[in-house]
Amino acid sequence: MLAIAMPPASAQDETEKAIEKYRQMLKEDPWSNPGLLDSDRGEGLWKTAAGPNKVTLEKCDLGQGAGVVDGAFAELPRYFADAGKVMDLETRLMWCMEKLQGISHDELVRRPYPAGGQPVKDLGAIATYVASKSSGMRFAAKLDQPQEKAVVDEGHAIFFRRQGPHDFACATCHNESGKRIRLQGLPYLADSKEAKQAVGQWPAYRVSTTQVMTMQHRVYDCYWQMRMPELEIGSDVSVALIAYLVKNAEGGEIVTPGLKR
Amino acid sequence: MRNIAIAVAILIAGATGASAQQKPAADTAKVDADIAKAFPTAPADWKSRFEQDETTKECSINENSPPKPVAEAIGKREKARIEYPADGGLMGDWQSGEKLAQSGYGLRFTDYPARQTNGGNCYACHQLTKAEVSYGTIGPTLLNYGRIRNFSEADTKAVYDKIYNAQAAYPCSNMPRFGTNKVLTIDQIKDLVALVMSPDSPVNK
């Protein structure tokens, strides 16, 4: 309705203003954020025995020692010697679900994201819980180990890699300030200033789909739009892109679960 | 178009120094291998989407600001890939063009089996008509495009070329190569040319 009634720039402004007002209200009354329902569910799941091994995730090491959740997200992605890989939050949670709880990798990657309007799946709810325990902190992933630097560089290359029938790359939409697709504003993610504002909001509650979307899901959805096949959760490509984005957002405030249109 | 050309020129001039120090040390063979592994459910006939041709490879490595000789080589190569209608007519029906400009349908993994023909999705990135206020800004405005150019034949051909293969005139343009990559048919491209260049089209009203 806004789009029809007003010139586009101001319609975009009005929508953004309305969402900004909603964000402000959530700041004043944080308990009204719908994403917190999933965060609470995630906390419950973290402490609930599950999988063939019937154990909880409370011994999962997110990088700060077994079971430490507070502040863990703020220092991810990172290299994990036990896995021999750089992992972001969701990939690390999958690793713990596989190694501690005995859930098969195939099962974890099969259908990791909810359909429109459905609540975020268990893995995403746990990720939302863990991320929320770094809310108010700043991105401080060091990413200075050789393995970590290589992954950030790879993410940078993938960000600019054009492919598929439309020749699209992440950079097609996210390499300039102030651009839009239709009326949707696009963050300039290769830029530290805008990356700082955008990346720290994920996992975020999306008003348009009434569900929490995680960062892995966000990247998967971009590849859908780029006319690529289904990007596997926890793949080297998604982890590298997330590492690159978090590196660009270094020092930015984490305000998750955020609120997106 | 001119604004874009100037912007591209500035980008090229400005980016040579900056991108030299920022460019990742990533191993492109590893990137290619990781891309090929990252979409395990891809049907066999989708695997070509992982691959790059010489042009997309150059544009990726140079972050869409290729050095001049590379840009010239891209322009030359892509120009040679433009195919024209057998009867030589470049203008179709602007009303069909408007529908194509509105439609973003096609080639996503949720678009199979195909329920309609592929769209051009022009409004995603361009302003075209006064009536459609929901337009994107990645590309320049095309409002009054034909009228400003007196509906000239040369510009009509340039528009056809641009839609068929944007990289012929603008190497590493963000715009898809709709004809060369078989996203749109020649007849669909003619309809879009009419939308931009026909005096009757709302683009020029």
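In what follows, chains are A, B, ... by sequence order, proteins preceding strands, each numbered from 1. Every heavy atom of this structure was used, including side-chain atoms; hydrogens, water molecules and symmetry mates were not.
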At what distance, to the nearest 0.5 angstrom, does [atom1] of [X] lie from [atom2] of [Y]?
X	Y	atom1	atom2	answer
D167(A)	C59(B)	CG	SG	8.0 Å
I181(A)	Y135(B)	CD1	OH	14.0 Å
I158(A)	S60(B)	CD1	OG	11.0 Å
K30(B)	D153(A)	NZ	CG	11.5 Å

For chain B, which candidate among [options] shows the most heavy-atom pairs at distances under 4.5 Å?
options	result
S235(A), G178(A), P165(A)	P165(A)
Y244(A), W224(A), F168(A)	W224(A)
R182(A), E232(A), M228(A)	R182(A)

Residue [X] versus chain B: region with a heavy atom under 4.5 Å:
X	value
F159(A)	neither
E176(A)	neither
Y223(A)	side chain

Side chains of [X] and [Y]: does their closest heavy-atom pair fall under 4.5 Å?
X	Y	value
I138(B)	L186(A)	yes
R161(A)	K57(B)	no
Q163(A)	E51(B)	no
F50(B)	P229(A)	yes

Is a side-chain donor-acceptor pair under 3.5 Å present for Q52(B) with R162(A)?
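On atom types as modelled, these side chains do not qualify, holding no pair under 3.5 Å.
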Within a radius of less than 6.0 Å around [atom1] of [X], do more than 12 heavy atoms belonging to other residues, nucleotides or ligands occur?
X	atom1	value
K79(B)	NZ	no
K149(A)	NZ	no
E54(B)	CD	no
K99(B)	NZ	no

With a 4.5 angstrom heavy-atom cut-off, is it the side chain or the backbone of T28(B) that approaches chain A, or both, or neither?
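Neither part, no heavy atoms under 4.5 Å.
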Side chain, backbone, both or neither: which part of D32(B) has a heavy atom under 4.5 Å from chain A?
both
Go through T55(B), I35(B), T56(B) and name the one with the most non-hydrogen pairs under 4.5 angstrom from chain A.
I35(B)
Side chain R227(A), main chain L107(B), donor-acceptor under 3.5 Å
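Pair absent, no side-chain N/O of R227(A) close to backbone of L107(B).
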For the backbone of R180(A) and the side chain of T137(B), can you confirm whether one donor and one acceptor N or O come within less than 3.5 Å of each other?
yes
So which residues of residues 180-205 of chain B are in contact with chain A at a heavy-atom cut-off of under 4.5 Å?
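The residues closer than 4.5 Å to chain A, in numerical order, are N181(B), V183(B).
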